[in-house]
Amino acid sequence: MMADDRVLLALVAIFVPLSLVSIGGGPAVLAEMQHQAVVVQRWMTQREFADLFAISRAAPGPGALLVPLIGWHVAGWLGAIVASLAFFVPSSLLVYGAAHLWNRWRGNAWHSAVEAAFAPIAVGMVAAGALAILQSANSGALAWATAFGVAACRIWWRALHPLALLGLGAAVFTLAQAIG
Amino acid sequence: MTNEIDEDEARRPPHGDDASAAVKALAGVPRTVSLLELFLLFSQLGLSSFGGGVSAWIRRSFVERRGWFTETQFAAALALARIMPGANVINLAILIGQRARGIPGAIVAVLGLVVGPTLGVIALAVLYRRFAGAEILHSMLEGAAASAVGLMVAMTVDSARAIFRAGKESGHPASTDIAAMGVAVATFICIGLLHWPTAPTVLCLAAISMGLAFLAGARSPEQGDDGG
């Protein structure tokens with residue numbers, strides 16, 4: 001797993017453009033990442049890509065950690081760092097610029113109006129994101145039941161720490177696997 | 001564009017204190033939050049969020065527990081984070097970090113969110129390779145991921161409730177709440193069920209949402225100036 005310059009350059013060439021078009025986050029460019037990593041560059045098999053995806057989704061942290069993971073797979077630690085910078089920096093600069101403008105106008109009447117208009121949209125988007133993850137999970141009914149059970153616990157039993165709920169989900173799935 | 005940013009960078013130092021005071025008055029981000037504190041906070045959030053749902057953790061930390069942001073401000077930041085390119089939670093960290101401490105704040109927040117979890121995900125990949133086919137590990141991770149979706153669902157319900165309550169407290173008429181509810185449901189249908197492209201859909205819905213709020217507000221005697 002020697003980090004060779006060509007591989008690092010390829011990582012940059014692939015992830016910088018993806019960063020700039022990744023509206024909606026990592027999932028929006030997942031198909032293209034897979035195409036590049038598996039078909040174009042032949043860095044890994046389809047199966048390996050699926051495993052890396054599963055790991056990135058299950059590990060703590062942002063789902064976009066698939067990117068450093070791909071970098072690590074092809075070029076070790078240096079690959080992880082290069083892929084991360086290539087994917088996170090370009091979009092971050094754009095967002096920082098937007099945030100800067102957004103905060104500069106804070107206090108204006110229309111700023112509050114825009115903020116209030118976006119709030120219910122965010123609620124709808126989070127719900128849509130939850131649905132997308134549930135649909136892509138291959139565990140089917142058990143995943144749905146766990147998700148809604150956890151949601152109910154979270155809403156009506158505030159004192160319960162979210163980590164306890166994640167542990168509960170892990171226990172339910174482990175048990176289900178042991179039985180089934 | 002570059003001009004504007006340069007100009008603003010030049011203006012920043014003398015106005016730094018005023019700006020942070022304004023931020024504090026409007027949203028309650030403490031002026032004294034240190035970069036180390038931001039880094040540790042975001043590290044903790046990143047490392048706690050097994051199976052995704054990081055934004056639910058961020059909301060819990062900054063809206064529910066610390067009150068740095070009102071529900072409406074947070075939701076608007078989240079919407080902005082989601083329509084810009086880049087990973088949603090990273091964008092959200094930039095928005096919060098920038099609000100708290102400017103450029104260093106944004107950098108530190110993103111590093112906090114990414115560095116620890118990256119080490120974790122690579123450690124997991126090493127484990128996964130070593131114990132290839134360890135079904136129990138796989139089940140546990142799947143279960144945690146399903147629970148994380150549950151946290152997102154709960155977050156949807158909490159945010160919706162809080163936004164509508166804020167609308168009520170600021171004296172908006174009930175029709176504003178009904179319009180907001182309609183917009184939330186329409187967003188879910190367009191993006192979640194119909195899979196329309198996010199950015200154009202959201203921008204159209206935002207225009208509709210503003211129009212509805214304006215129509216509803218025009219009929220009320222007094223218009224609330226801030227959602228929060």
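What you see is a predicted model; the values in this text were computed from it and never measured. In what follows, chains carry the letters A, B, and so on, assigned in the order in which the sequence lines appear, proteins first and then strands, with residues in each chain numbered from 1.
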**Q** At a 4.5 Å cut-off on heavy atoms, which part of A:W144 comes close to chain B: side chain, backbone, both, or neither?
**A**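 Neither; nothing under 4.5 Å.
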**Q** Sort B:M155 into side chain, backbone, both or neither according to what part of it lies under 4.5 angstrom from a heavy atom of chain A.
**A**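 For B:M155, side-chain heavy atoms alone lie under 4.5 Å from chain A.
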**Q** Is chain B contacted by the side chain of A:A80, its backbone, both, or neither, given a heavy-atom distance below 4.5 Å?
**A**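 A:A80 touches chain B through side-chain heavy atoms alone.
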**Q** Between B:A184, B:G97, B:A186, which has the largest tally of heavy atom pairs under 4.5 Å with chain A?
**A**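 Winner by heavy-atom pair count: B:A184.
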**Q** Less than 4.5 Å to any heavy atom of chain A: does that hold for the side chain of B:I94, its backbone, both, or neither?
**A**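 Just its side chain gets close to chain A.
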**Q** Please classify the contact of B:V89 with chain A as side chain, backbone, both or neither, using a heavy-atom distance under 4.5 Å.
**A**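 Just the side chain, heavy atoms under 4.5 Å.
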**Q** Using non-hydrogen atoms and a 4.5 Å limit, figure out which bit of B:L113 sits close to chain A: side chain, backbone, both or neither.
**A**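 Contact with chain A involves both backbone and side-chain atoms of B:L113.
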**Q** Ignoring hydrogens and geometry, is there a side-chain-to-backbone donor-acceptor pair from A:H111 to A:W102 under 3.5 Å?
**A**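 Yes, the answer is positive, given that a donor and an acceptor are paired below the 3.5 Å cut-off.
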**Q** Tell me which of these, A:P90, A:A176, A:A152, A:S92, has more heavy-atom pairs under 4.5 Å with chain B than the rest.
**A**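 Of A:P90, A:A176, A:A152, A:S92, A:S92 has the most heavy-atom pairs under 4.5 Å with chain B.
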**Q** Determine the option with the most heavy-atom pairs under 4.5 angstrom with chain A, choosing from B:S147, B:P117, B:A76, B:A75.
**A**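 Between B:S147, B:P117, B:A76, B:A75, the count favours B:S147.
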**Q** Do the ring planes of B:W57 and A:H161 sit parallel (below 30°), tilted (30 to 60°) or perpendicular (above 60°)?
**A**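 The rings of B:W57 and A:H161 sit tilted, inter-plane angle from 30° to 60°.
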**Q** Would you say the side-chain atoms of B:N91 pair up with the backbone N or O of B:P85, donor to acceptor, closer than 3.5 Å?
**A**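 Yes, because the side chain of B:N91 sits within donor-acceptor range (under 3.5 Å) of the backbone of B:P85.
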**Q** Determine whether a donor-acceptor pair (N or O, by modelled atom type, separation under 3.5 Å) exists between the side chain of A:E48 and the backbone of A:T45.
**A**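 Judged by distance alone, yes, a pair lies under 3.5 Å.
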**Q** Counting distance only, does the side-chain N/O of A:S19 pair as donor-acceptor with the main-chain N or O of A:F15 below 3.5 Å?
**A**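 No, the answer is negative, given that no donor and acceptor are paired below the 3.5 Å cut-off.
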**Q** Among B:V110, B:L47, B:I96, find the residue that satisfies the side-chain contact (heavy atoms from CB on, under 4.5 Å) test when tested with B:F42.
**A**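 The passing option is B:I96.
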**Q** Pick whichever of B:V183, B:L193, B:L45, B:T201 has the most heavy-atom pairs under 4.5 Å with chain A.
**A**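 Top count of heavy-atom pairs under 4.5 Å with chain A: B:V183.
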**Q** Got a second to check how far B:L95's CG is from B:I90's CD1, nearest 0.5 Å?
**A**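 One finds 12.0 Å between CG of B:L95 and CD1 of B:I90.
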**Q** Among A:A128, A:A171, A:A145, which residue forms the greatest number of heavy-atom pairs with chain B at distances under 4.5 Å?
**A**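 That would be A:A128.
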**Q** With a 4.5 angstrom heavy-atom cut-off, could you sort out which part of B:D158 is near chain A: side chain, backbone, both or neither?
**A**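 The side chain, not the backbone.
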**Q** Can you tell me if B:Q73 uses its side chain to pair, donor with acceptor, with the backbone of B:T70 under 3.5 Å?
**A**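 It does hold such a pair.
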**Q** At a 4.5 Å cut-off on heavy atoms, which part of B:A180 comes close to chain A: side chain, backbone, both, or neither?
**A**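 B:A180 touches chain A through backbone and side-chain heavy atoms alike.
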**Q** Taking atom CE of B:M210 as the centre, report whether more than 12 heavy atoms of other residues, nucleotides or ligands fall under 6.0 Å from it.
**A**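 Counting other residues, nucleotides and ligands, CE of B:M210 exceeds 12 neighbours.
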**Q** Can a donor-acceptor pair be found, under 3.5 Å and without considering hydrogens, that links the side chain of A:S22 to the backbone of B:G86?
**A**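 Yes, A:S22 side chain to B:G86 backbone: donor-acceptor pair under 3.5 Å.
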**Q** In terms of heavy-atom pairs under 4.5 Å, which option from B:A154, B:G192, B:A123, B:A77 contacts chain A the most?
**A**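 Among the listed options, the one with the most contacts to chain A is B:A154.
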**Q** Using heavy-atom distances under 4.5 Å, tell me whether A:V172 contacts chain B through its side chain, its backbone, both, or neither.
**A**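 Answer is neither: A:V172 stays 4.5 Å or more from chain B.
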**Q** Side chain, backbone, both or neither: which part of A:V114 has an atom under 4.5 Å from a heavy atom of chain B?
**A**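 Contact with chain B: backbone and side chain both.
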**Q** Please answer whether the main-chain N or O of A:T174 pairs with a side-chain N or O of B:S139 as donor and acceptor at a distance below 3.5 Å.
**A**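 Such a contact is absent between B:S139 side chain and A:T174 backbone.
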**Q** I'd like to verify something: which residue of A:V123, A:I121, A:L168 has the highest number of heavy-atom pairs under 4.5 Å with chain B?
**A**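 Most heavy-atom pairs within the cutoff with chain B belong to A:I121.
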**Q** Which answer fits B:V185, side chain, backbone, both or neither, if we ask what part of it has an atom under 4.5 Å from a heavy atom of chain A?
**A**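 B:V185 has no heavy atom closer than 4.5 Å to chain A.
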**Q** Only pairs of heavy atoms separated by less than 4.5 Å count here; which of A:P162, A:A130, A:P62 has the most with chain B?
**A**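 Winner by heavy-atom pair count: A:P162.
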**Q** Check this for me: A:R158, atom CZ, are more than 12 non-hydrogen atoms of other residues, nucleotides or ligands nearer than 6.0 Å?
**A**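 Yes, the 6.0 Å shell around CZ holds more than 12 heavy atoms from other groups.
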